[in-house]
Amino acid sequence: MAAPHTPRVILIVLDGLRHTTARETLGWLEGQVRAGLAACHRIEAELPAISRPLYETILTGRTPAQHGIVSNHIRRRSEGDSVFSRVRAAGGRTAAAAYHWISELYAASPFDPATDRLRLDGKGAITDGLFYWDDAYPDDHLFADAQALIARGQPRFVFLHPMNVDDAGHKWGGSSRQYRDAARAQGDLLARYLPGWRALGYDIIVTADHGMSDDHSHSGPLPDEVEVPFYTLGFTLDAAPLQTEIAGLCCRLADVDPGALPPYAGRIDRP
């Protein structure tokens, strides 16, 4: 008898990608939606719509007002449960190919490139990690990093977090050609990697932490800054989740106890 399939989840956060730009530039993913193989909802980021607070919100289900990381300049470890810790508590492996602030939140703070860039077989919340600290670190390198971590042990939960769209938005603005081209490049990387990850049995979420304004920044609550895409592959939802429900949804997809993480209470359907 074949061994039962272990539910696995990849959460991809395309940093700084606003909803309208995603729908206009992510050609392969939009093609999957058109073919009925994926779905997309529009969701709103919590406030302030800035990176480090929203990484913590996405991965813990708590708002910035609740978890207290309300500025990018607050450098400390996350307190309480996260998707990483819940999967580890269930005996699963986790992986992150992500900006170094993820390491500071869930692995080691402050981040030291000499010792913390590569994390393999860690004993904490993140089993395996590859972390970068340059906002211009190429997205194609990062997707290859994620592929290496997945090939290493097919973790039950994978967090992938490329930065080039956000970097382009800060340099040229949310309506710039450079910003849209960075999104198109990420769309091509999704086309190259996601079919293989789906073939391994991963459910996949593609979303963003926040959007980007035309004046090269974000914080909220303008629509361009808080409205972000939420794509699903391998499953569909009967209602768009709140950003605070993403962590609980990931636990539910991975079939692990979410503990105190806010649950996604809606229906999950399979094609």
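The structure presented is a predicted model; accordingly, all values stated were derived computationally and were not measured.
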Please walk me through it: do E46 and T57 pass side-chain hydrogen bond (donor to acceptor under 3.5 Å, both in side chains)? CA-CA 8 Å; E46 295 292 328; T57 290; over 6 Å; no
Does the side chain of L14 reach to within under 4.5 Å of the side chain of V165, using non-hydrogen atoms?
no
Sequence neighbours excluded, the answer for side chain to side chain donor-acceptor pair (under 3.5 Å) partners of R76 is none
S51 vs H210, side-chain hydrogen bond (donor to acceptor under 3.5 Å, both in side chains): CA-CA, chis, key distance, verdict:
CA-CA 7 Å; S51 294; H210 54 73; 3.1 Å; yes
Sequence neighbours excluded, the answer for side chain to side chain donor-acceptor pair (under 3.5 Å) partners of R86 is D81
Using a strict 4.0 Å threshold on nitrogen-to-oxygen distance, state whether E225 and R18 make a salt bridge.
no
Tracing side-chain contacts under 4.5 Å among Ile, Leu, Val, Met, Phe, Trp and Tyr outward from L118 reaches L120, L130, L149
The ring-ring contact (aromatic ring centres under 6.0 Å, His included) partners of Y99 (sequence neighbours excluded) come to W101, Y132
| query | L189 versus D140: any side-chain heavy-atom pair under 4.5 Å? | reply | yes
Within 6.0 Å of CZ in R77, more than 12 heavy atoms from elsewhere | yes
Closest non-hydrogen atoms of I58 and A208, given as atom of the first, atom of the second and distance, are CD1-O, 4.3 Å
Residues pairing under ring pair (Phe, Tyr, Trp, His ring centres under 6.0 Å) where one sits in residues 19-43, two or more places apart or in two chains, turn out to be none
So with a 6.0 Å cut-off around CZ of R34, is the heavy-atom count from everything else above 12?
no
Residue set satisfying side chain to side chain donor-acceptor pair (under 3.5 Å) with Y202, at least two apart, ordered chain then number -> none
Residues passing the ring-ring contact (aromatic ring centres under 6.0 Å, His included) test with H100, sequence neighbours excluded, are F111
Residues passing the ring-ring contact (aromatic ring centres under 6.0 Å, His included) test with H216, sequence neighbours excluded, are none
Heavy-atom closest pair (A168 atom, A182 atom, distance to 0.1 Å) is CB-CB, 4.0 Å
Contacts satisfying ring pair (Phe, Tyr, Trp, His ring centres under 6.0 Å) that involve residues 240-271 (not counting sequence neighbours) are none
Heavy atoms of I43 and I246 approach each other most closely as CD1-CD1, 4.1 Å
*Can you tell if the side chain of F131 reaches within under 4.5 Å of the side chain of I102, non-hydrogen atoms only?*
yes
Exercise. Please report the C-alpha distance between Y137 and D145 in whole Å, then the side-chain angles of each, then the deciding distance to 0.1 Å, and finally whether the side-chain hydrogen bond (donor to acceptor under 3.5 Å, both in side chains) criterion is met.
Key: CA-CA 12 Å; Y137 184 74; D145 291 345; 2.7 Å; yes
Applied to residues 48-68, the ring pair (Phe, Tyr, Trp, His ring centres under 6.0 Å) test, sequence neighbours excluded, yields Y55-H161
For residues 76-98, the ring pair (Phe, Tyr, Trp, His ring centres under 6.0 Å) pairs (sequence neighbours left out) are F84-Y106, F84-F157
If we ignore angles and hydrogens, is there a donor and acceptor under 3.5 Å between the side chains of D214 and S175? yes
Sorted by chain and residue number, the side-chain contact (heavy atoms from CB on, under 4.5 Å) partners of P221 (sequence neighbours excluded) come out as L47
